[in-house]
Amino acid sequence: MRAELIVDLDALRGNVARLAKLVAPSHYAAVLKANAYGHGLVAIGRALADQVAGFCVYRADEALMLHEAGIARPILVLGPVEPRELDGLHAAGAALTLWNEGAFLNELCAVAARRGAPFGVHAKIDTGVTRLGLDAVRAAPALARYLTLPELDLRGVFTHLAAVEELELGFTREQLARFERALAPLDALLRERRVRRHVAASAAAMLFPALRLDAVRAGIATYGIWPSDQTRDAVAHRLELEPALSWHTDLVVVREVEAERSVGYGCTYRTTRDSRIGLLPIGYAEGLPRGLARDATALVRGRHVPIVGRVCMNMAFVDVTDVADARPGDRVTLIGRDGAACIEANQLGAWAGTIGYEIVARLPEALPRRYVENAAIASAKSSVPS
Ligand SMILES: *Cc1c(COP(=O)(O)O)cnc(C)c1O
């Protein structure tokens, strides 16, 4: 295999153990959307099933995959669901996110009635992302209705915060106030029915105890990736996150290229000296962004080497001139550690003008993933993919 992702399950579980302890007694739900942020949906679900209170996914089919894998934790589908998916979700015992009235709600109730058990739901209130959710100022009547319909089992009410990652505290406070105002008319009933309130994703869960409420929905931090530089700067001195994912390939060939030769499409790079150019067997089809900044690097033999020229569809170039012993077959690290050198997903994201979230979410499902734990990690880290 010419490229692989290695997922360190000990690192993953270590992150969850520390985060769950930090937020306790709030429940910790791990977010597994986007193929578990590129880490592999079912494998991560299995690895964390005993450790978390529940899982969040985006799509109905993701919930079904977890269910079919025998994962028995509560699952919440965060995204929109189509009527034809309702039967399967109900059978799998998954809860869905509800902000609807009208036809979809009727459909939901009909499925629950036909199947003889209420549908688990979490009501979503929009407080400022302006995405999915009941408008906060008009939410109370809909919530009251959800509470009275025998076909619904209202397990949670939640909202999503827009700008905690940027430490926008004013807006965050306003969102929380809107959420609380929306629930106030039903407060006693929601408490009596033990409906869980949740608003925090990773950054909020780590930064602000007041936002942890009954549960947190943590995605990116679960995988050991900081939600933002601001969050890392504020939290890293008291909480360790260990990246679980590393991404490796190898040098297919190393070419001697004289000075003043162009490399790659568009002739965007010219060698300025006699150079040794290594070819990587992965490109943007494998998730390596095409728009990398000029200072982007990969790791070879524990050294940073520049990624040069345009990233192609299935190939890319590195300049290994300064790594005299670099040769074909050498392991190349795009994300992760090689000796003392390290590249984080957020760093690769910054070189691509984006964030770590996008880098890992776009890693193709078809890339081979290898899961390692305990002693296995030591040998995996030093071996070269063949
Ligand atoms: C993706 C998502 C999360 C998790 O966000 P992270 O920043 O990755 O922790 C939480 N809640 C909702 C509604 C989401 O869509």
Side-chain angles (χ1 to χ4, degrees), residues 12 15-16 18-20 22-23 26-39 41 44-45 48 52-60 62-63 74-81 94-99 121-134 136 155-168 172 175-176 179 196-208 211-232 234-235 239 241 243-245 344-346 349 354-363:
L12 183 85
N15 294 328
V16 172
R18 288 188 296 279
L19 288 161
L22 178 75
V23 305
S26 299
H27 285 190
Y28 190 92
V31 180
L32 304 186
K33 65 193 180 192
N35 197 27
Y37 291 53
H39 293 61
L41 173 65
I44 301 303
L48 296 182
V52 299
F55 292 116
C56 299
V57 294
Y58 181 74
R59 298 190 317 255
E62 296 167 330
I75 299 168
L76 169 61
V77 178
L78 296 169
V81 163
L96 54 79
T97 296
L98 189 60
W99 64 90
V121 297
H122 290 235
K124 183 156 191 192
I125 298 173
D126 179 57
T127 58
V129 184
T130 317
R131 210 170 57 174
L132 301 180
L134 294 157
R155 298 177 188 164
V157 284
F158 73 107
T159 191
H160 195 47
L161 302 171
V164 182
E165 291 76 11
E166 290 80 17
L167 304 187
E168 290 288 346
T172 302
Q175 284 197 268
L176 190 63
F179 184 64
R196 290 220 166 81
R197 299 169 196 219
H198 46 104
V199 303
S202 295
M206 291 189 283
L207 285 161
F208 303 115
L211 296 176
R212 291 174 194 152
L213 308 189
D214 297 319
V216 305
R217 311 179 301 265
I220 199 86
T222 297
Y223 309 98
I225 300 170
W226 291 100
S228 63
D229 290 348
Q230 295 96 317
T231 311
R232 185 197 59 215
V235 179
L239 179 80
L241 291 183
L245 183 90
E344 295 196 354
N346 277 322
T354 182
I355 52 179
Y357 285 88
E358 184 175 348
I359 297 292
V360 295
R362 293 172 76 107
L363 290 169

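We count ligands from 1, going down the list as the structure has it; atoms in each ligand are counted the same way. The chain is numbered in sequence order, starting from 1. Side-chain atoms are counted along with the backbone in the values below, which use heavy atoms only and exclude waters and symmetry mates.
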K.L.:
Considering heavy atoms of the protein only, find what lies nearest to atom 9 (O) of ligand 1 and give residue, atom and distance to 0.1 Å.
P.N.:
Ser202 OG, 2.5 Å
K.L.:
Would Phe158 count as being in polar contact with ligand 1, using the rule that some N or O on each side must be under 3.5 angstrom apart?
P.N.:
no
K.L.:
Any idea which protein heavy atom is nearest atom 8 (O) of ligand 1, and the distance to it?
P.N.:
Tyr37 OH, 2.5 Å
K.L.:
For ligand 1, is there an N or O atom under 3.5 Å from any N or O atom of Ile220?
P.N.:
yes
K.L.:
Which ligand 1 atoms, with their elements, are less than 4.0 angstrom from a heavy-atom of Ala218?
P.N.:
9 (O)
K.L.:
Just need the protein heavy atom nearest to atom 11 (N) of ligand 1, so name the residue and atom and give the distance.
P.N.:
Arg217 NE, 2.8 Å
K.L.:
For atom 12 (C) of ligand 1, grab the closest protein heavy atom and report residue, atom and distance to one decimal in Å.
P.N.:
His160 CE1, 3.3 Å
K.L.:
Can you give me the closest heavy-atom contact between Val57 and Ile75, atom names plus distance?
P.N.:
CG2-CG2, 4.0 Å
K.L.:
Just say parallel, tilted or perpendicular for the rings of Tyr357 and Tyr37, cut-offs at 30° and 60°.
P.N.:
tilted
K.L.:
State which residues pass salt bridge (Lys or Arg N to Asp or Glu O under 4.0 Å) with Glu358; sequence neighbours excluded, sorted by chain then number.
P.N.:
Arg362
K.L.:
Can you tell me which residue and heavy atom of the protein come closest to atom 5 (O) of ligand 1, and the distance to 0.1 Å?
P.N.:
Ala201 CB, 3.4 Å
K.L.:
Of the backbone atoms (N, CA, C, O) and the side-chain heavy atoms from C-beta on, which set of Arg131 has a member under 4.0 Å from an atom of ligand 1: side chain, backbone, both, or neither?
P.N.:
side chain
K.L.:
State whether the side chain of Asp126 and the backbone N or O of Leu134 hold a donor-acceptor pair below 3.5 Å, judged by distance alone.
P.N.:
no
K.L.:
Atom 7 (O) of ligand 1: which protein heavy atom is closest, and how many Å away?
P.N.:
Tyr357 OH, 2.6 Å
K.L.:
In chain order, what residues pass the salt bridge (Lys or Arg N to Asp or Glu O under 4.0 Å) check against Arg212, with sequence neighbours excluded?
P.N.:
none
K.L.:
Should the proximity of Tyr58 to ligand 1, defined as any heavy atom under 4.0 Å, be assigned to the side chain, the backbone, both, or neither?
P.N.:
neither
K.L.:
If only side-chain N and O atoms count, and only distance matters, is there a donor-acceptor pair under 3.5 Å linking His122 with Arg196?
P.N.:
no
K.L.:
Counting only heavy atoms not in Glu165, do more than 12 fall under 6.0 Å of its CD?
P.N.:
yes
K.L.:
Just let me know how Val31 lines up against ligand 1, side chain, backbone, both or neither, with a heavy-atom cut-off below 4.0 Å.
P.N.:
side chain
K.L.:
With the side chain counted from C-beta on, respond yes when Pro74 and Arg155 share a heavy-atom pair under 4.5 Å apart, and no when they do not.
P.N.:
no
K.L.:
Got the closest protein heavy atom to atom 14 (C) of ligand 1, with its distance?
P.N.:
Lys33 NZ, 2.9 Å
K.L.:
Taking the side chain as every heavy atom from C-beta outward, state whether Asn346 and Arg232 have any pair of such atoms under 4.5 Å apart.
P.N.:
no
